[in-house]
Amino acid sequence: MNLNAAAPNEFSMLRVITLVTDAQGIYRLTSALCDMGVTPLANVESLSAIQSLLCELPVDVIFCEIRPECCDGLMLPSLLKKLLEAGTLEQLPCIFWTGKTTLNAPIRIVDGGRTISRKTPASQLWIKYLGGITIGALESHARLARAAGVFVEILHEGATQDLGDALRTVLLTRAQPDAKLQMRTFDSLAEDEVINALTTGEGLRFMFQPQFELLSRRVVGAEALVRWNHPRFGEIPPSVLIPLVNRLGLDLLLFSLVEMWTLRVMLALKRENIQIPIAVNASAKTICTPDFADRLAARMQQAQLPSRLLKIELTEDVPEPDELCLSASLTAIRAKGFKVSLDDFGTGAATLHLLANLSFDEMKIDGAFVRGVEQHSSSRKVIEGIVNWAGLLDLNLVAEGIEDESTIPLLHRLGCRVGQGYALARPMELDVFLDFVVQREKNQ
Ligand code: C2E
Ligand code: MG
Ligand code: MG
């Protein structure tokens, strides 16, 4: 008896299609699904066939057989993303890659016309393949797809338990409201409300997330982060708010608000004799505002605060033609004694090109590398590389997005001295943050 077989009809409501090109494969996959109580709606044999089918009917899961001679399954995440962006899809299906798993054959070397097998030291760590492709390569591709918002799961053929778990996950996520769809609705409604929030401050909250020296757990800095509570949609993440703010040209207004709250925090800390730098996020466009550095200096002077306590974190895309202006602004900011940090290094616009051409005091390692540090040796190597660059360029380094306590010693071993993340402390309201820092300082 198969103990993991689905409860009657548990998965019957799932709309499943398969992308398999050979008759045997179709039979294998359909049988495995039927054992789980799932009857596929159709099998398709090409990406174009999937595209036409998805225009006609909503689908929850697409099962693709991975084979070296057919790359359609690998191309599917980017196709789905394009269809979603074009508004063709109401709902994004999950993708399950499946296929035969094998171990790599021992390395063969040709010796005078004879082929002989040779065991190398590396052969103890035989690489697994799924459908002829290394699991490592598939996993990185799946990670990228997930980061782009497309859910991809890798299932070994015959792994009934994994199949059941994966289908259950789909059922659970389908029960949640479609966040993307909600956000799209929100996007079209919200412009007036964003203007209102920024001009009146209504619904805006300013949070502060401490940064720690990893070894001593001393608080050595903080980052200011904005939140917006919408009367109907609840908490709107900055990933939605900030692009709207930028589109409406309100970025400098937002920066000024965050800066104002940050100065309040600095003044409160000064009264406690605590001096830690606080970072405020700013896009390249904000930083390129005429006289930005003079404006910053005037505000700090007015508040009688030293400029070294304010850090500007460069976020988001840098349009190419603005690079000269950005370079001038960053240099002027640093000349006035403010610190400048390159946010989210390693992803998006925060590239080596920027690092090589502009001047910074600090770089922040993107959370995507930090979160993968325990599981993926590639993330560890990338972090080691970034640590080396930071050393060569004489930059401070902050590891972002530390979610697990267990990664802290590992990050420290890799050379990261300062970090920020939920495992250390979450972003806090002003009063809570002040209490937190003051208490920490007293207990040192
Ligand atoms: P960021 O500047 O890289 O900020 C760090 C983000 O990571 C924050 O998200 C923070 O809450 C989140 N975070 C902190 N620790 C962890 C962790 O351990 N795990 C995970 N998964 N996340 C963690 P938040 O507040 O949602 O901000 C997202 C982005 O929005 C920021 O990324 C920044 O680029 C932008 N942003 C936020 N506030 C502002 C602002 O006032 N002005 C501008 N221009 N951008 C802002
Ligand atoms: Mg930041
Ligand atoms: Mg960041």
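Every number for a ligand or one of its atoms is a count from 1 in the order of the listing. Given the structure is predicted, the values throughout are model-derived calculations rather than measurements.
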*asked:* Taking 4.0 Å as the limit for heavy-atom contacts, which would you say applies to I242 with ligand 1: side chain only, backbone only, both, or neither?
replied: side chain

_Residue part near ligand 1, for E400, under 4.0 Å between non-hydrogen atoms_ = side chain

_At the Mg ion (ligand 3): angle between D344 atom OD1 and E400 atom OE1, to 10 degrees_ = 100°

Do [Y] and [X] meet the salt-bridge criterion of a basic N to acidic O distance under 4.0 Å?
X	Y	answer
K81	E85	yes
E441	R218	no
R295	E259	yes
E429	R205	yes

*I would like to know whether E223 and N281 meet side chain to side chain donor-acceptor pair (under 3.5 Å); could you show each step before the answer?*
CA-CA 8 Å; E223 176 176 10; N281 291 284; 2.8 Å; yes

Find all atoms of ligand 1 within a distance of less than 4.0 Å from any non-hydrogen atom belonging to [X], and give their numbers and elements.
X	result
P427	11 (O)
R371	19 (N), 20 (C), 21 (N)
G421	15 (N), 18 (O)
V258	41 (O)

*asked:* For N/O/S atoms only: which one belongs to D343 and is nearest the Mg ion (ligand 3)?
replied: OD1

*Should the pair F212 and F436 be assigned to parallel (<30°), tilted (30 to 60°) or perpendicular (>60°) ring geometry?*
perpendicular

*Which of parallel (below 30°), tilted (30 to 60°) and perpendicular (above 60°) describes F63 and F96?*
perpendicular

*Strictly under 2.8 Å, is any N, O or S atom of T315 next to the Mg ion (ligand 2)?*
no

*Decide yes or no for L424 and P210: does some side-chain heavy atom of the first lie under 4.5 Å from some side-chain heavy atom of the second?*
no

*asked:* Do Q209 and E400 have side chains that approach each other closer than 4.5 Å (heavy atoms only, starting at C-beta)?
replied: no

*Could a heavy atom of E223 be found less than 4.0 Å from some atom of ligand 1?*
yes

*Determine, using heavy atoms of G401 and all atoms of ligand 1, whether some pair is separated by less than 4.0 Å.*
yes

*Which N/O/S atom belongs to E313 and is the closest one to the Mg ion (ligand 2)?*
OE1

*For the Mg ion (ligand 2), which N, O or S atom of E223 is at the shortest distance?*
OE2

*Does an N or O anywhere in V226 fall below 3.5 Å from an N or O of ligand 1?*
yes

*Under 3.5 Å: N/O of D344 near N/O of ligand 1*: yes

*Determine, considering heavy atoms only, which of E235, R426, R227, Q420 sits nearest to atom 11 (O) of ligand 1.*
R227

*When you measure from atom 32 (O) of ligand 1 to each heavy atom in D343, I402, T315, which option holds the nearest one?*
D343

*Taking it one step at a time, do F255 and F292 satisfy ring-ring contact (aromatic ring centres under 6.0 Å, His included)?*
CA-CA 11 Å; F255 177 85; F292 185 73; 5.1 Å; yes

*Distance-only, no hydrogens or angles: does the W97 side chain make a donor-acceptor pair with backbone N or O of G73 under 3.5 Å?*
yes

